[in-house]
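Convention: sequence-line order gives letters A, B, ...; per-chain numbering from 1. Since we're looking at a predicted model, the values are computed, not measured.
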Number of protein chains: 2
Amino acid sequence: MSQDSARSRAKRAQIHQGATRVFLAEGFAGATTDAIAKAAGVSKQTLYVYYRSKEQLMVDVLDSLLSRLNRDHAVLESDRPVGSLPELRQTLTDLACEVLEIVAGSDYLALARVIIADAPRVPEIGRLWAQTITSGVRHLVAELLERARDCGVIDVEDVEAATRLFVGGVLTYILPDGIVAVDGPVAAPSRERVERIVDLFLRAITIS
Amino acid sequence: MSQDSARSRAKRAQIHQGATRVFLAEGFAGATTDAIAKAAGVSKQTLYVYYRSKEQLMVDVLDSLLSRLNRDHAVLESDRPVGSLPELRQTLTDLACEVLEIVAGSDYLALARVIIADAPRVPEIGRLWAQTITSGVRHLVAELLERARDCGVIDVEDVEAATRLFVGGVLTYILPDGIVAVDGPVAAPSRERVERIVDLFLRAITIS
DNA sequence: ATCAAACCGTACTGTTCAGTTTGATATGTC
DNA sequence: GACATATCAAACTGAACAGTACGGTTTGAT
């Protein structure tokens, strides 16, 4: 049972994929094992060959989704120019737009819904999630700001506060409305609107 | 059945109260009607005399909680002084601390969890909730900023962006971590930390 | 005291659903 | 072809749970 052959790896992936779809759409309680089996194109029996229980299956699915989240964040981590104020402005705007694009993507909010709903059931996953999305983006912004400060481009005494201000301000374009928007995907704001909040933020940190 | 006597009003309130406790703690799916009846100190039968179904009971409970949310926001709406920069600083700090106090209060996050989890089931409630917490605080801050601008204390061309920046920045002290913090209440940040973000924000909007 | 309405506790019904069993069918290996 | 392994479909089991039925008890008004 559940050998490590190419065949079983394929079946496992198939189940994993179907379960991901159903869990994201219906949540843990709403997802029936029958629906998962059907979505995966697999008999319910086979499902229990590869996973001990529905709960373990969901934990596995959530783990993968969190890993993907980390990869999505890693993509943002290219070294970005912050050597001058126009460069920093461009960099912050690009970053904000990319983050909003990720957050507005359908899976991101669906995952958040599922994790929040099941936080009482699997608190470790909840903590891991919060830490992922927190340290992911915030850390990146903090690093940018520190580099810009070291270049003498900006003047901030409290990088942490500045980071919070920026990230929080940007995310209000999606949250909290997006998290309860079930029908249809959420629209990310236009680059123009993002630029306006970036400019405002820049006034707070430029050398006076 | 279910007359409008003092007695039945009391029983209804009793059921409502017990159901509120259980729904906030367990969510819709997790709350059994037996548990609700027990928490309310009422027989399950009586529960169904006053409410047609578990779903209707939850809708009623959520409605009340949203009303309370509105009242909580209304408390913040006292006219606050913004006639000078120190006054505005004090006002924004006070307001931010009060908002954080409300959000960190146990019921606020529990309600958010329940509503987010059940957004697919009752989307109207979800929309109502998002609108409530959005327009509640943001509107208030926007009005403060406009008044301060009219007094010539600050210089903002885009009040909406400034409002988003401020409210979003402040809320990062609770979210997203608080929403998945099941064990124990969430700690609001110290006034000092709030002051630091207020000062940063003020730099963005003061006349240069 | 009497009566009716409200209420209680318990047990029941019907349904949903996770997980299992069964017995048949496909797949690949020798 | 024979044999083992993986998979399938479908029926089954047991538990949880929303909602109901019922017989007994409290409450309050007259």
- request: To the nearest Å, give me how far apart CD1 (A/I15) and P (C/dG19) are.
  value: 14 Å

- prompt: Parallel under 30°, tilted from 30 to 60°, perpendicular over 60°: which one fits the rings of B/F166 and B/F201?
  reply: tilted

- prompt: Does one side chain, of A/S67 or A/S64, offer a donor that lies under 3.5 Å from an acceptor on the other?
  reply: no

- request: Report yes or no: is the cationic atom of B/R164 (NZ for Lys, CZ for Arg) closer than 6.0 Å to the six-membered ring centre of A/Y173, at no more than 45° off its axis?
  value: yes

message: Without decimals, in angstroms, what is the distance between A/L47 CG and D/dA6 C1'?
response: 15 Å

field: Least distance between heavy atoms, A/G169 atom then A/I197 atom
entry: O-CD1, 3.6 Å

query: Nearest-Å distance, CD (B/Q14) to P (C/dC7)?
result: 9 Å

Short side-chain N/O contact to C/dC7 OP1/OP2 from B/Y50, under 4.0 Å: yes

- prompt: What string of B, S and - do you get for nucleotides 18-30 of chain D, 5' to 3', if B is base contact, S is sugar-phosphate-only contact and - is no contact with any protein heavy atom under 4.0 Å?
  reply: SBBBB----S---

- request: Return the value, rounded to whole Å, for the distance between atom CZ of A/R9 and atom C1' of D/dA6.
  value: 16 Å

message: If you assign each of A/G30 and B/T46 to its closest nucleotide in DNA chain C, which residue comes earlier from the 5' end?
response: B/T46

field: Distance in angstrom units between A/Y51 OH and C/dA18 C1', rounded
entry: 17 Å

- prompt: For D/dT30, what is the paired nucleotide under Watson-Crick or G-U wobble rules, both distances under 3.5 Å?
  reply: C/dA1

- line: Shortest non-hydrogen pair, A/A204 vs B/L200, comes out as CB-O, 3.2 Å

message: Strictly below 4.0 Å, N to O, side chains only: are A/R193 and B/E160 in salt-bridge contact?
response: yes

query: Could you give the NZ-to-C1' distance, from B/K11 to C/dC7, as a whole number of Å?
result: 7 Å

